[in-house]
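A short write-up of the structure that comes next.
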Amino acid sequence: MYLSTSRASDIAGNTPAPKGPVRAVPGTVFALGLVSLVTDVSAEMVTAVLPLYLMAGLGMSPLAFGALDGLHQGATAVLRLAGGRIADRTRRHKLVAGTGYALSAACKAALLAVTTPWSVAAVLAADRTGKGLRTAPRDALISLSVPPGEQGRAFGVHRAMDTAGALLGPLAAFGVLWVAVDGYEAVFTVSCCVAVLGVVLLALFVREAPPPAAAPATAPARAARPAPPPVRTLLRLPGLRGLCLTAAVLGLFTVGDAFLYLLLQRRLDLPAAYFPLLPVGTAAVFLLAALPVGRLADRLGRRRVFLGGHVLLLGAALLLLAPVPAGAPLVFGVLAALGLFYAATDGVLMAAAGPLLPAGLRTTGLAVLQTTQALARFAGSLLFGSAWTLWGPGVALGLAATGLLLSLVAVAVFGGTRAERPS
């Protein structure tokens, strides 16, 4: 059972929502969803062309690309913790998140000035630094805006809007490349403009989270407000420790979607101009499934749904390994499984952690969990890239699928789904 450490008075926007299958979410959740939608259009325009740009255009090896893909996951580890702690201590979640969004927008412009694989890697590391700064404060704003029992729905709405941007971004990149052959610079330019729009939307429409206490907002009260609890308080929350361990074990064998798209492209012998369309299929499934899966997690248990998502990822890997003809069934099966994997894991993990954390440490706690998962995926990407370089993509994927299967069994046997009820 989840231990909810926040009272109803700690929750922003705690007016009871209207009953029914579709209920309005607080304005903060919707505004952050809009910001994420626009920002993801920008980010996914770059991500959609990046594997081919680096490996085919700039000649990066699979091992180097594995290191870079891992950098996407792990380079932000310290910044996630720092951003989370700063947001909790200052209670300026919006300012910290906005700084991260602005840094990522600047990096999109910097991509126009770099031309070597490792200069691109340096810019992408800075971009991931911006993501590291903004992710935990943004998720804390969402978590603090809704009651514990509706965390999955709120994160589902946000992730659905975020994924709408992930769907539109590759389409925009495809359109730019269709007009401008090898027009990577054009993709980066449009991406930068869209990222700036996201920062403007954040500044205009997102409100700061209210203070945890319901005391009057007078100057003396603000001056006397207590400091957030020490970080070591997090170590005494067994539920959070269990989530971190689960995320780390499974993250170590989570194959990055960029690798799966490259493997699928090889199986299909897909022309480079059509490569950006592969993430569109994943994003479309994610978009349709994010809210229903979030609500399902609220009812059935978020850890169970999280584990189920990794079962789907395992299914995508097995499809690529199976002697299935290279055609529509293979494409639809892999992209659908990958989209459902993200719907069952991305927002669901944050929704599982939110009610476990006191309001004064909400951002720091989410950052600890995100950092744990990011470091595990960083290590996993390095291992996968090394295996690809040494033994080829098929052996690398087989090893990753075996590791993921054994990890799922271990997590299920040793408590990954124990005694959980929805909040």
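This chain uses plain numbering: 1 for the first residue, then up along the sequence.
Taken from CG in D298 to CZ in F155, the straight-line distance is 11.0 Å, to the nearest 0.5 Å. Note that CD of E208 and CZ of R92 are 6.5 Å apart. Values are rounded to the nearest 0.5 Å. Remark: L369 CG to L243 CG distance equals 6.0 Å, nearest 0.5 Å. Rounding to the nearest 0.5 Å places OG1 of T363 at 12.0 Å from CZ of R138. Remark: L291 CG to M161 CE distance equals 11.5 Å, nearest 0.5 Å. With rounding to the nearest 0.5 angstrom, the CZ atom of R89 is 9.5 Å from the OG1 atom of T364.
Put simply, the residue from D257, L335, L167 that forms a side chain to side chain contact (heavy atoms under 4.5 Å, CB included) with T282 is L335.
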- Message: Run V157 and F30 through side chain to side chain contact (heavy atoms under 4.5 Å, CB included) and show every step you take.
- Response: CA-CA 8 Å; V157 169; F30 182 81; 5.7 Å; no

- Assess whether side chain to side chain contact (heavy atoms under 4.5 Å, CB included) is satisfied between R303 and V411, documenting all intermediate values. CA-CA 10 Å; R303 296 188 196 214; V411 169; over 6 Å; no

- Task: Could you check V46 against D127 for side chain to side chain contact (heavy atoms under 4.5 Å, CB included), going step by step and ending with a plain yes or no?
- Result: CA-CA 11 Å; V46 174; D127 176 72; over 6 Å; no

- Going through the distances and angles, do F253 and L406 end up as a side chain to side chain contact (heavy atoms under 4.5 Å, CB included)? CA-CA 10 Å; F253 299 102; L406 294 176; over 6 Å; no

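Taking both residues in full, the closest heavy atoms of F341 and L312 are given as N-CD1, 4.2 Å, listed atom of the first, atom of the second, then distance. For A317 against A401, the heavy-atom pair with the smallest separation is CB-CB, 4.2 Å. For the pair A186 and V176, the tightest heavy-atom approach, listed with the atom from each and the gap, is CB-CG1, 3.5 Å. Closest heavy-atom contact between A136 and L366: O-CD1, 4.4 Å. Closest of all the heavy-atom pairs between P170 and P279 is CG-CB, 3.8 Å. Listed here is the closest heavy atom pair of V348 and A343: CG2-O, 3.8 Å.
For the residue pair R362 and S143, a side-chain donor N or O sits within less than 3.5 Å of a side-chain acceptor on the partner. Counted by atom type alone, Y342 and T163 present zero donor-acceptor pairs between their side chains at under 3.5 Å. In the model, T135 has no side-chain atom that pairs as donor or acceptor with a side-chain atom of Q370 under 3.5 Å. In this structure, a donor-acceptor pair under 3.5 Å is absent between the side chains of R159 and S36.
With hydrogens and angles disregarded, no donor-acceptor distance shorter than 3.5 Å links the side chain of S191 to the backbone of V187. Judged by distance alone, with hydrogens and angles left aside, the side-chain atoms of S42 form no donor-acceptor pair with the main-chain N or O of V38 at under 3.5 Å. Of the possible donor and acceptor atoms, none in the side chain of H158 sits under 3.5 Å from a partner among the backbone N and O of A154. Although no hydrogens or angles enter the test, the distance criterion places a donor-acceptor pair under 3.5 Å between the side chain of Q265 and the main chain of L270. Without hydrogens or angle criteria, R91 side chain to A87 main chain gives no donor-acceptor distance under 3.5 Å. Between the side chain of K94 and the main chain of A203, a donor-acceptor pair closer than 3.5 Å is present. For R302 (side chain) and A351 (main-chain N/O), a donor-acceptor pair under 3.5 Å exists by modelled atom type. With hydrogens and angles disregarded, no donor-acceptor distance shorter than 3.5 Å links the side chain of Q151 to the backbone of P355.
Side-chain contact check for L397 versus L260: some heavy-atom pair is nearer than 4.5 Å. Looking at M350 and I142, their side chains never come closer than 4.5 Å, going by heavy atoms from C-beta outward. Put simply, the side chain of P26 reaches to within 4.5 Å of the side chain of V146, judged on heavy atoms.
Relative orientation of the F384 and W388 rings is perpendicular, given thresholds of 30° and 60° on the angle between their planes.
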